[in-house]
Chemist: 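Supplied in structure tokens, the structure appears directly below.
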Protein chains: 2
Amino acid sequence: MITHAMEDYLKAIYLLQKGKEEKVPTSVIAQHMHVSAASVTGMIRKLASMELLNHNSYHGVKLTEGGEKIAQEVVRHHRLLELYLVEIMGFTWDKVHHEADKLEHVISEEFEEKMAEALGHPTIDPHGHTIPTKEGNLKETSYEILAEIDAGSFVTVRQVNDGIPEMLRYLAGLGLIPGARVQVVAKAPFNGPLCLKIKGCEHHVGREVARNVFVEMSVQGND
Amino acid sequence: MITHAMEDYLKAIYLLQKGKEEKVPTSVIAQHMHVSAASVTGMIRKLASMELLNHNSYHGVKLTEGGEKIAQEVVRHHRLLELYLVEIMGFTWDKVHHEADKLEHVISEEFEEKMAEALGHPTIDPHGHTIPTKEGNLKETSYEILAEIDAGSFVTVRQVNDGIPEMLRYLAGLGLIPGARVQVVAKAPFNGPLCLKIKGCEHHVGREVARNVFVEMSVQGND
DNA sequence: ACTAAAATTTAGGCGTGCCTAAATATGACC
DNA sequence: GGTCATATTTAGGCACGCCTAAATTTTAGT
């Protein structure tokens with residue numbers, strides 16, 4: 001029996017395990033989930049006994065195929081829900097992460113399918129993340145962090161971190177949303193603010209904010 | 001802190017507590033929730049300590065105003081969800097009870113409002129039950145049980161029990177759905193089947209089924 | 001009123017998932 | 001290679017919500 005808590009752990013590990021072969025340390029999971037490291041160890045033991053992940057004591061964990069499959073389903077639920085809440089129900093994009101975090105564990109497969117149909121089987125959620133297919137296909141492109149882009153560059157926003165509602169409201173206010181064209185006009189030294197030109201207007205944005213925005217470099221003359 | 005389990009108990013007691021002053025016995029709650037009587041006693045103790053219900057040992061429980069308010073919110077969630085799932089998402093009416101039972105505990109107030117708006121602030125769910133308003137107003141009309149209607153009577157279906165998917169599929173197949181006009185043509189003795197005329201066709205329906213259908217007597221010449 | 005059956009509560013136990021504190025393993029630096 | 005800081009695991013405890021079995025109260029019948 002898979003509990004909601006187990007699903008949450010599998011999802012967290014899945015999202016933290018960037019490289020396919022990468023092992024995720026206990027402490028990283030603990031920090032991400034706001035629980036103690038001891039709690040993570042306890043849950044890891046159980047998930048390992050269910051062969052949903054492999055655990056080398058003191059050396060982190062890696063999902064098995066079975067574990068990844070479950071995690072991917074949860075992520076699919078989450079991202080479909082986010083999009084459904086925004087597109088069909090009219091939620092603002094800052095509220096949907098929290099709502100989806102609760103709903104993702106309780107909706108049925110039929111609910112998932114109804115959402116996918118209503119949305120035309122989408123592949124990208126409101127924050128720019130790829131929605132895994134029902135078969136588990138997922139090519140999550142890895143973009144560059146806006147905070148680390150050189151001054152003078154032209155970029156297109158592709159993803160934003162969705163965990164902090166206030167941040168999302170701020171980004172929406174600036175127009176820093178997936179699809180937006182941005183020029184990095186200047187970067188202040190010592191982790192100072194970036195000067196960004198968005199829709200013709202210049203805005204000064206802190207590094208911390210710019211670390212939550214992921215962009216693609218615009219090729220010269222690119223549309 | 002109100003847990004999902006507490007909400008489930010409050011909802012059950014609310015639904016079982018027909019008369020306003022009626023006390024609901026432990027055993028009735030236990031049977032309705034498919035848990036042991038001892039479990040009910042345990043939970044009752046906690047809910048009583050939170051002043052969500054009053055408990056006279058050995059003499060059943062009655063919700064306080066606070067408890068009723070929470071129960072009513074859960075029931076509102078449940079019934080709005082059922083209607084939303086049928087009307088907006090295209091679920092068949094036999095599946096929505098189970099889905100709503102899970103979702104009712106996790107949706108936000110905003111989710112509730114979005115549903116209510118999308119549905120035009122409805123007052124009746126797909127099975128004919130009244131949806132409590134946000135303020136907690138609710139006049140649940142009590143109808144008569146189809147199984148106990150005398151032969152020869154004309155009735156209109158108003159409500160059906162929603163707990164058994166297979167029963168709902170059967171009822172839908174017969175056309176025994178809220179709004180349907182039905183004549184009780186005959187009743188076999190010894191708890192035997194009823195002969196019902198529905199949309200011009202006669203059907204023989206077991207008593208057990210007819211106990212799940214609630215009807216209003218049609219006044220002569222009533223539209 | 002007394003007794004037996006039924007309903008209810010108490011007692012004790014289990015699995016889940018969290019915590020803190022203590023023990024232990026790792027890895028980096030000298 | 002030893003030592004120390006850090007990461008991780010173990011140990012022990014707690015709240016929740018469920019269970020069965022035993023004790024208790026209510027109730028109905030004689």
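Below, chains carry the letters A, B, ... as their sequence lines are ordered, and counting in each starts from 1. Excluded from the calculations below are hydrogen atoms, water molecules and symmetry mates; all remaining heavy atoms, backbone and side chain alike, are included. Being a predicted model, the structure only gives us computed values, none of them experimental.
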Chemist: I want to confirm an ordering. Mapping B:A38 and A:N56 to their closest nucleotides on DNA chain D, which one lands closer to the 5' end?
Modeler: A:N56
Chemist: Hey, which sits more toward the 5' end of DNA chain C by its nearest nucleotide, A:Y58 or A:V40?
Modeler: A:V40
Chemist: Is there a donor-acceptor pair closer than 3.5 Å between any side-chain N or O of A:R207 and the backbone N or O of A:A188?
Modeler: yes
Chemist: Using modelled atom types and a 3.5 Å cut-off, is there a donor and acceptor pairing between side-chain atoms of A:K23 and backbone atoms of A:H59?
Modeler: no
Chemist: Indicate yes or no for a side-chain donor-acceptor contact from A:E112 to the backbone of A:H77 under 3.5 Å, with no hydrogens or angles considered.
Modeler: no
Chemist: Looking at C:dC19, I'd like to know if its phosphate oxygens (OP1 or OP2) sit under 4.0 Å from a side-chain N or O belonging to A:S39.
Modeler: yes
Chemist: Can you check the A:M33 CE to C:dC19 C1' distance for me, whole Å?
Modeler: 15 Å
Chemist: Hey, are B:E208 and B:R211 close enough for a salt bridge, meaning a charged N less than 4.0 Å from a carboxylate O?
Modeler: yes
Chemist: Is it the case that the side chains of B:H129 and B:E140 hold a donor-acceptor pair, with the cut-off being a distance below 3.5 Å and no angle test?
Modeler: no
Chemist: Provide, to the nearest angstrom, the distance between the CE atom belonging to A:M43 and the C1' atom belonging to C:dG17.
Modeler: 6 Å
Chemist: Give one of base, sugar-phosphate or nothing for B:T41, where a contact means two heavy atoms less than 4.0 Å apart.
Modeler: base
Chemist: For B:Q31 and C:dA6, what is the distance between atoms CD and C1' respectively, to the nearest whole Å?
Modeler: 14 Å
Chemist: For the CG atom of B:D8 and the CD1 atom of B:I13, what is their distance to the nearest 0.5 Å?
Modeler: 11.0 Å
Chemist: At a heavy-atom distance below 4.0 Å, what parts of residues 1-18 of chain B sit against DNA chain C?
Modeler: none
Chemist: More than 12 non-hydrogen atoms from neighbouring residues, nucleotides or ligands closer than 6.0 Å to NE2 on A:H121, yes or no?
Modeler: yes
Chemist: Between B:E7 and B:K11, does at least one N-O distance fall below 4.0 Å, as a salt bridge requires?
Modeler: no
Chemist: State whether A:R79 and A:D162 are salt-bridged, where the test is any N-O pair (Lys NZ or Arg NE/NH1/NH2 against Asp/Glu carboxylate O) under 4.0 Å.
Modeler: no
Chemist: Can a side chain N or O of B:S27 be found less than 4.0 Å away from OP1 or OP2 on C:dT8?
Modeler: yes
Chemist: Nucleotide range of DNA chain D contacted by chain B, 5' to 3', under 4.0 Å to a heavy atom?
Modeler: D:dC16 to D:dT27
Chemist: Please tell me if A:S36 has a side-chain N or O lying less than 4.0 Å from either OP1 or OP2 of C:dC18.
Modeler: no
Chemist: If you only use heavy atoms from C-beta on, which nucleotide in C:dT16, C:dC19, C:dT8 is closest to the side chain of A:K46?
Modeler: C:dT16
